[in-house]
Amino acid sequence: MSNPRPPFEWRLLAPRLWPTWLALVLFWLLAYLPPLRRLLARGLGALVYANNRKRRAIVETNLEWCFPEKSDDERARIAREYFRYYVQVILDTGLFWWAGERRFRRNIVLQGDEQLARDIEAGERIIVVTCHTLPLDRGGVAFSADYPFQTFVNRSRNPVIDWVSARRRARFDGLVFPRDGGIRPVVRALKQGHALYILTDEDLGPEASVFAPFFGIPRATLTTPGRIARMTGAKVYTSITYYDEASRRYVVKIEPALEGFPSGDELADATRLNGVIEEMIRSTAPEQYMWSLRLFQTLPDGSPPPYTMKGKPGSGPRPRPSIES
């Protein structure tokens, strides 16, 4: 199957896009300066935490809702660490986009993929469900370095970032499909032997979701993995990608395939996946989950989101709801 990498277009050299190209050159240079990247991550992370009040408010609201058992000081520590990793992952972009294959493999490792490898070798169709940790895209590239893999990519407002990101995510011949392109090409590639790397923890509104508990709160959860698994007979694994301080490299941790999945009940399947994802977040790297996402933007009772949003009367921070699921 041909790799749908986007071709270069001359419009990408428009003067308004020159700052983006300069930033990419900076990321390329930083790829060879790991001590500087770590130092900058600590300093800039603290700066973003102190000055980006809007993003910090989202993080603080999510942490209050998801970790009511933790003290204010504990949640503040997680928030500060989150912004450090947020900057670090951005600064490490050049390393994973342009480093040679040997250097790439030194900086990221697949952990627990033995059975996955046997299943792929046996011709099984595979779906790997992951979650929104900060370095999640590194996991997709790492999978494609060893196995035939495919994934979705969201379009951004910057065409240069779209072009470079799509090509670098496909650097090991992984397939990259636009999120708004539907699932037909993805299903076709899956049937042809390309395992699927996919997310479910994204709030796309009630029409595309079911409300399944996430940290004890009903959350709009995508049902796509279960639907695709039913269509293709694929086995469903779960994974999480995070930075390991001890080894100073990124880890893609793969959990065993889910037994009896899908069950035929979309809510039950979404609840099960959310439970697995929540446990992975809690047990590995809670500071590296994307707490700056509006996790609970859509609520089952139609109430305004707990994040301050223009055009949403009544929106804004408020205590965690008392409903437990």
Which atoms form the tightest heavy-atom contact between Pro19 and Pro15, and what is the distance? CD-O, 3.8 Å

When you group the ILVMFWY residues by side-chain heavy-atom contacts below 4.5 Å and let the links chain together, are Val129 and Leu204 in the same group? no

Does one hydrophobic cluster hold both Val87 and Leu29, with members joined at side-chain heavy-atom distances below 4.5 Å? yes

Among residues at least two apart in sequence or on other chains, which ones pass ring pair (Phe, Tyr, Trp, His ring centres under 6.0 Å) with Trp18? none

Short side-chain to backbone donor-acceptor contact, Trp21 and Leu12, under 3.5 Å: yes

Ring centres of Phe67 and Phe215 under 6.0 Å apart? yes

Enter the distance from Gln297:CD to Lys312:NZ here, rounded to the nearest 0.5 Å. 6.5 Å

Do Arg320 and Glu64 touch side chain to side chain, with heavy atoms closer than 4.5 Å? no

Pairwise side-chain contact, Val160 with Trp163, heavy-atom cut-off 4.5 Å (strictly under): no

Show, in sequence, the C-alpha distance, side-chain angles and deciding distance for Trp98 and Phe96, and conclude whether the ring-ring contact (aromatic ring centres under 6.0 Å, His included) test is met. CA-CA 6 Å; Trp98 293 295; Phe96 289 96; over 10 Å; no

Quick check for you: to the nearest 0.5 Å, what is the distance between Leu134 atom CG and Ser292 atom OG? 7.0 Å

Is it true that a side-chain atom of Asp269 and a backbone atom of Pro262 form a donor plus acceptor pair closer than 3.5 Å? no

Determine whether Arg272 and Asp265 satisfy the following criterion, salt bridge (charged side-chain N to carboxylate O under 4.0 Å, His left out), listing intermediate values before the conclusion. CA-CA 11 Å; Arg272 186 177 179 188; Asp265 183 324; over 6 Å; no

So, Arg125 side chain and Gly233 main chain: donor-acceptor pair closer than 3.5 Å or not? no

Short N-O contact, Glu81 and Arg84, less than 4.0 angstrom: yes

Specify whether Trp28 and Tyr32 have parallel, tilted or perpendicular ring planes, treating 30° as the upper limit for parallel and 60° as the lower limit for perpendicular. perpendicular

Roughly how far, to the nearest 0.5 Å, is the OG1 atom of Thr151 from the NE2 atom of His194? 12.5 Å

Is Glu259 atom CD crowded by more than 12 heavy atoms from other residues, nucleotides or ligands, each under 6.0 Å away? no

Output yes when Glu287 and Arg77 qualify as a salt bridge under the 4.0 Å nitrogen-oxygen rule, no when they do not. yes

Check: Ser144 side chain, Phe172 main-chain N or O, donor-acceptor pair, under 3.5 Å: no

Salt bridge (charged side-chain N to carboxylate O under 4.0 Å, His left out) filter on Arg75, not counting sequence neighbours, yields Asp72

Residues Asp203 and Arg294 bridged, charged N to O under 4.0 Å: no

Exceeds 12 heavy-atom contacts within 6.0 angstrom, atom CZ of Arg42: no

More than 12 heavy atoms of other groups within 6.0 Å of Tyr237 OH: yes

For the pair Tyr85 and Tyr243, name the ring-plane relationship: parallel under 30°, tilted 30 to 60°, perpendicular over 60°. tilted

Given the side-chain rings of Trp65 and Phe296, with only the six-membered ring counted for Trp, is the space between their centroids under 6.0 Å? yes

Looking at Ile183 and Ile228, what are the two nearest heavy atoms and their distance? CD1-CG1, 4.4 Å

Taking Arg169 for the side chain and Gly174 for the main chain, is one N or O donor matched with an acceptor at less than 3.5 Å? no

Distance-only, no hydrogens or angles: does the Arg219 side chain make a donor-acceptor pair with backbone N or O of Phe214 under 3.5 Å? no

Does Arg105 pair with Asp146 as a salt bridge, N-O distance under 4.0 Å? yes

Side-chain touch Phe27/Ile90, heavy atoms, less than 4.5 angstrom: yes

Would you find a donor on one side and an acceptor on the other, under 3.5 Å apart, between the side chain of Thr241 and the backbone of Pro135? no

Quick one: pull up CZ in Phe211 and CG in Leu299 and give me the separation to the nearest 0.5 Å. 7.0 Å

From His132 NE2 over to Ile277 CD1, what is the distance, rounded to the nearest 0.5 angstrom? 10.0 Å

Could you walk me through whether Arg38 and Asp92 pass the side chain to side chain contact (heavy atoms under 4.5 Å, CB included) test, one step at a time? CA-CA 9 Å; Arg38 301 296 172 264; Asp92 284 346; 3.2 Å; yes

Atom CD1 of Ile58 and atom CG of Leu63: how far apart are they, to the nearest 0.5 Å? 12.0 Å

Linked, directly or transitively: Leu13 and Leu26 (ILVMFWY side chains, under 4.5 Å): yes

Where do Ile161 and Thr20 land on the side chain to side chain contact (heavy atoms under 4.5 Å, CB included) test, with the steps shown first? CA-CA 8 Å; Ile161 296 299; Thr20 303; 3.8 Å; yes

Restricting to salt bridge (charged side-chain N to carboxylate O under 4.0 Å, His left out), what partner residues turn up for Glu114, sequence neighbours left out? none

Does a donor on one side chain and an acceptor on the other come within less than 3.5 Å for Tyr289 and Asp201? yes

Given Thr221, which partner from the list Thr200, Asn274, Thr271 fulfils the side-chain hydrogen bond (donor to acceptor under 3.5 Å, both in side chains) test? Asn274

Tell me whether Gln115 contacts the main-chain N or O of Pro256 through its side chain, where contact means a donor paired with an acceptor under 3.5 Å. no

If two hydrophobic side chains count as joined below 4.5 Å and joins carry through other members, does Tyr82 share a cluster with Val48? yes

Are Val210 and Leu273 linked, directly or through other ILVMFWY residues, by side chains that come within less than 4.5 angstrom of each other? no

Counting only N and O atoms by type, is there a donor-acceptor contact under 3.5 Å from the side chain of Arg37 to the main-chain atoms of Val89? no

